[in-house]
Every structure is written in C-alpha cells, then in structure tokens.
Amino acid sequence: MAHYLFGTGQNLQTEGAERWDDKKEGGWKERMDDWKMQQGNLGPEADDAYDDMSMLDEARQPLSRKVPIASSKINPYRMVIVARLLILAFFLRYRILNPVHDAIGLWLTSVICEIWFAFSWILDQFPKWFPIDRETYLDRLSLRYEIEGEPNMLAPVDIFVSTVDPMKEPPLVTANTVLSILAMDYPVDKISCYISDDGASMLTFESLSETAEFARKWVPFCKKFSIEPRAPEMYFTLKVDYLKDKVQPTFVKERRAMKREYEEFKVRINALVAKAQKVPPEGWIMQDGTPWPGNNTKDHPGMIQVFLGQSGGHDTEGNELPRLVYVSREKRPGFLHHKKAGAMNALVRVSGVLTNAPFMLNLDCDHYINNSKAAREAMCFLMDPQIGRKVCYVQFPQRFDGIDRHDRYANRNTVFFDINMKGLDGIQGPVYVGTGCVFRRQALYGYEPPKGPKRPKMVSCGCCPCFGRRKKDKKYPKNGGNENGPSLEGGSDSVFSHVFSPTYCFFNPLTLNFIYTCGAAVEDDKELLMSQMNFEKKFGQSAIFVTSTLMDQGGVPPSSSPAALLKEAIHVISCGYEDKTEWGSELGWIYGSITEDILTGFKMHCRGWRSIYCMPKLPAFKGSAPINLSDRLNQVLRWALGSVEIFFSRHCPAWYGLKGAKLRWLERFAYVNTTIYPFTSLPLLAYCTLPAICLLTDKFIMPPISTFASLFFIALFLSIFATGILELRWSGVSIEEWWRNEQFWVIGGISAHLFAVVQGLLKVLAGIDTNFTVTSKTTDDEEFGELYTFKWTTLLIPPTTVLIINLVGVVAGISDAINNGYQSWGPLFGKLFFSFWVIVHLYPFLKGLMGRQNRTPTIVVIWSVLLASIFSLLWVRIDPFVLKTKGPDTTQCGINC
C-alpha cells in the first residue's frame with residue numbers, strides 16, 4: 001500500500017512538472033495572459049492600455065538621481081579628516097611653543113610655511129565632505145519628450161566653438177570638432193553650431209566651407225551605422241575591432257569608401273594650410289575676386305556666413321543637416337575686445353538673434369564630442385521638472401587623447417576632475433572649467449533662479465492665540481487698488497512689479513515699445529521709456545535681441561525674415577555694442593580675468609543657481625593636452641595668473657556676495673581656494689630649499705623631540721597617508737595618478753604659480769599687463785614625440801635652482817658626515833629625508849630637462865658624475881662649515897698658554 005501511494009505521488013508530480021514545463025516554454029507573459037483570460041480581464045484593448053500605463057509611469061519618473069558614496073567608504077574618510085585636523089592643531093602648537101634659538105630664522109620660516117599649508121589644506125579638504133555620483137536615464141527622457149507621432153519636444157541647443165590662430169589650432173582639429181557636432185545624436189532641427197573665428201582668418205573660413213561639404217557624406221554614415229566617436233580622425237585611428245556589433249553587410253564597403261573620402265578631405269585641408277603659410281603682398285583674395293575683409297586682423301568688419309541650415313542644408317541622402325554658422329566679430333583700434341570672453345559674448349548675442357536656443361554648449365576647438373548622446377545626458381538634468389529649473393549649467397569632466405601612458409606632467413588632472421568636482425557637486429555644484437559645459441541661457445543673462453513655492457503659513461480663526469496667526473481681512477489702499485487685482489503702487493504685489501518682470505512683458509521690435517499683458521494695466525509714457533532705457537542699458541540697443549532675452553523657452557519671432565535677422569546679428573557683434581551695458585560685468589562671460597570661466601560660474605552661483613556634474617560612462621568630450629613640459633607650465637601659468645587677477649578684483653570670493661548669502665559656505669571655501677592657491681608657491685619654494693640649507697649649514701629647524709612628541713609626528717604622517725588612501729578608495733582614482741598630481745603640484749608650485757604671483761602683483765601695483773599665448777594644439781608625427789621636445793623658458797629656472805641646491809646639499813651633508821664620524825649620521829637622516837622628498841617630487845621635471853625617454857645624452861651623464869665626484873672630494877677636503885683654528889686651545893690651558 002505504501003508502494004502504491006508512493007507511485008501515485010510520483011506520477012502526479014511528473015504530470016505537474018510536464019504541465020509546468022509546457023507553460024515555461026511559452027514564457028512568463030503567456031502564463032500571465034492565460035491567468036487574465038481565466039479572470040476575463042484580458043483583451044487587445046486592455047493589453048494596450050496596460051502597456052500605455054506602464055510607459056506613462058516610466059515617463060513620470062525622475063530623469064536622473066543622486067548616487068551617494070557608500071557609507072563604508074565615506075565615513076572612515078571623514079573620521080580621518082577630523083583626526084588629522086586635531087593632530088595638526090597639536091603639531092602646530094608644539095612647533096610654535098618650541099623655537100630653535102640657534103636657528104631662529106630657519107625655524108620661523110618653517111613655522112610660517114606649515115601654518116599656510118594647514119590653512120590651504122582646510123580650504124581644499126572640506127569642500128570634499130559631501131561627494132556624490134549621479135545617474136541619468138536617457139530612456140525616460142525619450143519617453144517624456146520624444147513621443148511617437150508627436151513633435152519632438154527636446155529643447156534646442158546652440159553649440160559654440162571658439163578658435164583664434166589656425167597655425168596653433170590646426171584647421172583639421174577644428175574640422176573634426178565641427179563634424180562630431182553635426183553628427184551628434186540629437187534632432188537636427190534642434191542643433192545650431194556657431195564657429196567663432198577671433199583671428200578673422202581666411203584659412204579658417206575656407207576650411208569650414210570644406211568641412212560643410214564633407215559633412216554631407218560623414219553625417220549620414222555616422223547615423224546609419226551608429227559610429228562612436230563621430231570625429232573622423234579619432235574614429236579611423238582607433239585601435240579596436242571596428243566590426244564589433246556591426247551587422248549590416250554593406251558596412252565594410254561603405255567604411256572603406258568613407259575613409260578614402262576623409263583622406264581626400266585631409267589633403268584638401270592640408271593644401272589650404274600650405275597655401276596660407278605665405279601671405280601675398282596685396283592680401284588674401286576671395287573666390288569672387290573681392291579682398292578678404294579680415295586681411296587686417298586688428299581692424300576689420302564683422303562677418304557672418306551661414307554654411308548649412310538655410311538653402312542646401314541637406315546630406316547626400318536628402319536629410320536635413322544642422323545649422324552651421326561662421327562668425328568673426330568686428331575689431332577696430334581703440335576698443336577693448338576682452339579676448340575669449342568677448343568672443344563668447346558675441347556668440348551669445350548672434351545666436352540669440354538667429355536661433356535663440358534656451359541652452360548653449362561651449363567647446364574649445366580641440367574638444368570633439370566623444371559621446372554622441374552628450375547633449376541628451378545634459379538634458380536629463382536641465383529638462384527635469386524637479387531639479388532643472390534651478391540648474392544654471394551642467395559641467396562634464398575633461399578627458400584627453402594623446403597623453404603618454406604614465407602621464408608624466410599630470411595632464412589628465414584626474415584628482416581635480418574625479419575628486420574635487422565630485423565633492424563640489426554635493427554642495428552647490430562644480431566650478432565652470434571653460435569647455436564641455438551646457439548652459440541655461442537665462443542664467444547667462446543675469447537672471448536669478450526661480451523661487452520655489454513657500455511653505456503655507458498656519459492661520460487660525462483667532463479664537464486661540466496659541467496656534468498660528470490670526471487671519472486678517474483684506475485691505476486695499478486708496479490709490480486705485482481693488483479686489484480684482486493688485487495696486488498700482490507699493491509692495492511686491494503692485495502692477496509695477498508685475499509689469500517689469502520678464503514673465504509679464506515682451507518687447508515689440510517694430511514699434512520699439514514694451515507691450516504688457518498684466519490684465520488691463522496701462523502705464524504712462526514715462527514708465528515705458530524708463531523700462532526701455534533699463535533694458536537697453538542692460539542688453540544693448542537691439543530690439544530683436546532684447547525680445548529674445550525675454551523668451552524663457554527660446555525661439556525667434558516667426559514673422560522675422562532671415563535677411564533682417566542677419567543684419568541685426570551683424571549689429572550685435574559690432575565693437576561699440578557693449579559700451580554702457582552690463583555685458584562682461586553682470587551678463588554673459590565675465591571680464592576682468594584671463595580665466596573667465598571661473599569668474600562666470602562664480603557669478604551664477606552667487607545669484608543662487610546651482611550646477612551639476614555629469615560623468616557618463618563613455619566620456620562626453622575629449623581634447624588634446626600640451627604634453628611638453630614648457631607648454632604645460634605655460635598653460636598652468638595662465639590658469640594661476642587668472643586666479644591671482646580674480647583675488648585682487650572686486651569679485652574676490654572671500655567677500656563678494658556676502659550680503660545676499662546665496663553662496664554656500666563650503667562652496668565659497670572652494671572658490672577662495674581657486675584664487676589663493678598660487679600664493680602657496682612662496683611658502684612651498686621656501687620649504688623646498690630649507691632641507692638643503694640645513695644640510696649646508698648643519699642647522700636644525702626642530703628642537704630635540706621627546707617620545708611623547710614623536711607620537712604626534714608619527715600620527716601626522718599616518719593621517720596624511722590615510723587621507724590619501726581613503727580618498728582614492730571612494731573616488732576610484734589610481735595611486736599612480738594621485739602621485740603624478742602630487743609631483744606636478746610641487747613642480748608647478750615653484751615655477752608657474754610663482755611667476756603668476758609676481759605678474760599679478762606687477763599688474764595690480766604697476767599696471768603692467770601680461771599677454772598669454774594660445775596653447776599649441778599641433779601634433780607630432782611620432783607617438784609622444786612632443787613629450788621629449790625641450791623648449792627653454794624662464795619658468796624652468798626656479799625648479800632647476802631648487803633641484804641643484806638640494807643635490808648639492810645632499811652631497812655636502814654626506815661628505816660632512818663622513819668627515820665628522822659615526823655620531824653625525826643620526827641627525828643627518830632627518831635632513832636627508834626631506835631633501836630626498838623634494839628631489840623625488842622634482843623627478844619628472846628632471847626627466848623633462850634630460851630630453852628623450854631612455855636616451856639621456858652620454859655627455860650629460862659623464863659630466864654629472866665627474867662634477868659630483870670632484871665636488872664631493874673638495875668638500876671633504878675643505879670642510880667650510882667647521883671652524884678651523886691654529887695654535888693651542890685656550891679653553892684648556894687658560895690665558896697663560
């Protein structure tokens with residue numbers, strides 16, 4: 001009987017399993033459909049409604065989200081920071097209360113340096129207290145704004161590319177950037193690309209014309225086969241399997257044909273460059289026989305040429321192409337043009353007249369779009385209904401091509417972009433770094449962010465005074481106020497305040513008057529005139545442009561003709577347009593510093609805006625970096641000089657904007673740090689020479705240390721290492737990248753930062769201005785060939801001096817220890833440790849001086865060994881720091897010796 005029951009159970013189990021396997025083959029959805037059919041709730045209409053509801057729910061979800069750093073990583077990091085701060089306080093107290101009387105000058109110098117280093121560390125460390133990551137959801141963006149069968153609702157984007165000198169910024173590099181923009185994954189009618197040629201070069205103009213023609217073939221090829229990246233030079237030089245994920249049979253054939261087309265395009269560009277090497281005596285002549293208007297680069301009219309976007313703006317397959325516009329602003333002697341900041345402001349006004357997109361992306365000419373969905377990534381923040389209204393810009397990290405594997409001079413700047421910027425994103429947002437940034441146009445126009453709804457106040461009936469406030473009856477003033485609307489005068493609810501807010505008025509370019517839509521309110525001619533004057537004082541005397549500034553969602557008046565818009569665009573790039581306006585002081589890119597990017601972002605944050613840091617897995621943009629030592633130092637010099645200029649200007653973050661209190665304190669700490677970091681060069685230079693001086697003079701900068709005090713020194717060193725290790729742990733930065741950053745912090749600190757402080761003081765005190773040169777973007781034919789090129793510059797003098805002094809100090813200290821015996825080796829080790837610390841940090845600089853990798857000239861090695869040997873032997877023989885006396889020792893035998 002038991003056997004029979006077992007067999008029955010086995011048969012039942014087998015039959016159930018067979019039924020389950022049959023259903024399993026159909027999939028989970030089919031089983032759910034069967035269940036719904038049994039319930040009588042499934043039909044074609046119900047299924048469609050279910051799918052529509054699920055898509056609608058997905059579209060309503062946030063377009064992005066914060067991803068906080070794991071508490072297991074960030075909490076130990078914060079505890080170590082607090083511990084290091086306490087240890088540092090005890091260390092400084094010990095150093096101040098225990099002077100070295102026989103070397104009071106060296107001791108005082110070292111203490112001052114250490115106090116400054118501690119202050120600089122606090123400014124740098126605490127803005128990294130709340131680091132965050134972010135995620136975007138591009139599928140939700142498409143579900144919300146790209147509904148099938150309806151007009152595309154993604155916001156238009158105006159893209160700015162700036163260039164000056166085609167000899168330093170090769171036209172082929174600029175052309176690749178433009179091609180990557182035209183081929184980006186975004187609706188073509190929503191993209192407009194503006195090229196600013198601030199050098200008025202005919203070479204740039206002609207190469208852009210060739211680029212527009214090649215784009216007719218390149219853009220459809222990229223979109224057909226989903227090419228990444230969409231800059232042809234980078235795509236065809238990638239050392240990857242380009243057949244991966246490609247399934248179209250014609251891909252190989254079309255790719256081979258496109259590569260041939262691109263090589264022919266390169267030859268045409270190279271021919272233009274070769275032709276431009278020698279300027280004809282009569283100047284350049286255009287194809288129609290007329291002289292090129294920009295023959296005199298410092299005295300020429302404004303020029304605008306629309307290459308794509310009006311007539312003939314289609315590719316080889318008949319599809320529309322994005323708009324491509326060449327712009328060269330007017331330049332005349334006697335006018336201030338404000339370099340790159342002035343050129344960017346000219347592009348803002350031109351684009352405001354021609355297309356007026358609500359968002360703007362600015363790129364350097366050598367920064368191509370590496371991720372074709374970069375604009376969509378930014379729109380996940382700017383178009384998000386929850387957070388987008390208060391976001392002034394979305395900053396992407398800078399990534400670079402062509403850097404050697406070891407990144408000798410820290411060109412990637414990974415510590416800044418992957419650690420500091422993440423920390424700022426958790427406060428009020430990252431700083432603006434000059435390229436790879438998507439702006440909200442209204443934020444650049446000086447408007448403040450919209451205010452959120454205030455929390456409703458508790459009111460009561462008045463019977464109990466303990467809860468809420470008593471509800472008051474409405475009272476209206478006698479000067480025209482009534483219950484139908486606000487009064488004409490007084491208070492924030494007056495008609496006057498509504499009339500003059502951009503939400504309630506627009507400018508009529510035909511009558512040069514303002515038309516108000518605030519009920520039936522009518523202002524007299526005096527108020528209309530005053531309002532008109534205020535807008536002209538702020539934005540300039542262009543009715544069409546002023547109208548565009550009042551349109552939050554962008555767009556141009558549909559009745560405007562292209563000819564009239566082009567005429568007005570020429571007007572807004574004239575030399576005198578910005579006179580007596582707020583351009584450069586409150587609007588657009590801010591003037592007053594060669595690092596206009598930091599200043600521009602700082603002004604926006606002071607108005608209460610916040611920024612976003614977006615780090616997609618595939619880098620959004622990639623550019624080229626100066627990997628040569630001299631060019632790298634000159635680049636750092638320009639950045640540091642701009643920071644010094646901001647520090648001595650009225651926009652100094654230490655006190656600017658304190659009244660409004662819209663800039664958060666940790667964000668202010670970060671901005672203060674960006675302006676005072678060049679001044680660290682003075683104590684850093686002194687501290688790097690102290691070990692050598694101590695070795696040469698046989699002095700100490702610290703008194704004898706007790707066992708208890710030595711514990712604080714050990715704890716300080718351990719906290720420094722622990723802070724760095726934990727920082728690398730939560731950020732993902734490699735230890736090699738961190739170490740390269742530390743090395744170049746010393747190299748740049750005692751060279752470029754030092755010169756920046758001197759030049760900044762000369763500019764403030766003596767009015768001596770310093771012109772900067774554009775960083776060369778040319779490439780060497782040999783891989784990393786530019787890395788080993790030696791270019792002498794005065795910036796190399798301070799590091800070379802510090803290096804030689806420390807090498808001499810090491811030789812002198814060891815020679816002195818050999819001469820004096822065993823007991824002198826103990827005190828020597830402490831001095832040698834700090835001296836070797838300096839030499840190790842300057843090692844990349846030393847390799848840069850020696851030239852090509854693994855090819856150090858033999859004569860250099862021979863002379864170095866010979867001189868070091870001779871110097872050591874002479875030092876042992878002469879021993880100048882030991883007092884030599886002749887005759888008897890008077891301290892032993894007395895005065896009668």
Pair Arg134 + Glu377, salt bridge at N-O below 4.0 Å: no
Should the pair Asp418-Arg399 be classified as a salt bridge under the 4.0 Å nitrogen-to-oxygen rule? yes
Using atom types as modelled and distance alone, determine if a side-chain donor or acceptor of Tyr393 lies under 3.5 Å from a backbone N or O of Pro430. yes
Quick test of your reading of the model: are Arg376 and Glu146 salt-bridged, counting only N-O distances below 4.0 Å? yes
Can you tell whether the side chains of Arg65 and Glu135 come within less than 4.0 Å, N to carboxylate O? yes
Residue pair Gln395 / Tyr432, side-chain donor-acceptor N/O under 3.5 Å: no
Nearest heavy-atom neighbours spanning Met421 and Phe417: CB-O, 3.7 Å
Quick one: do Asp364 and Lys340 make a salt bridge, cutoff under 4.0 Å? yes
I'd like to know if Asp425 and Arg610 make a salt bridge, using a cut-off of under 4.0 Å between side-chain N and carboxylate O. yes
Electrostatic pair Asp198-Lys331, nearest N-O below 4.0 angstrom: yes
Does the plane of the ring in His337 sit parallel, tilted or perpendicular to the ring in Phe335? Use 30° and 60° as the thresholds. tilted
Shortest non-hydrogen contact from Ala378 toward Val438: CB-CG2, 3.7 Å
Just checking, is any N or O donor in the side chain of Tyr656 or Lys603 under 3.5 Å from an acceptor N or O on the other one? yes
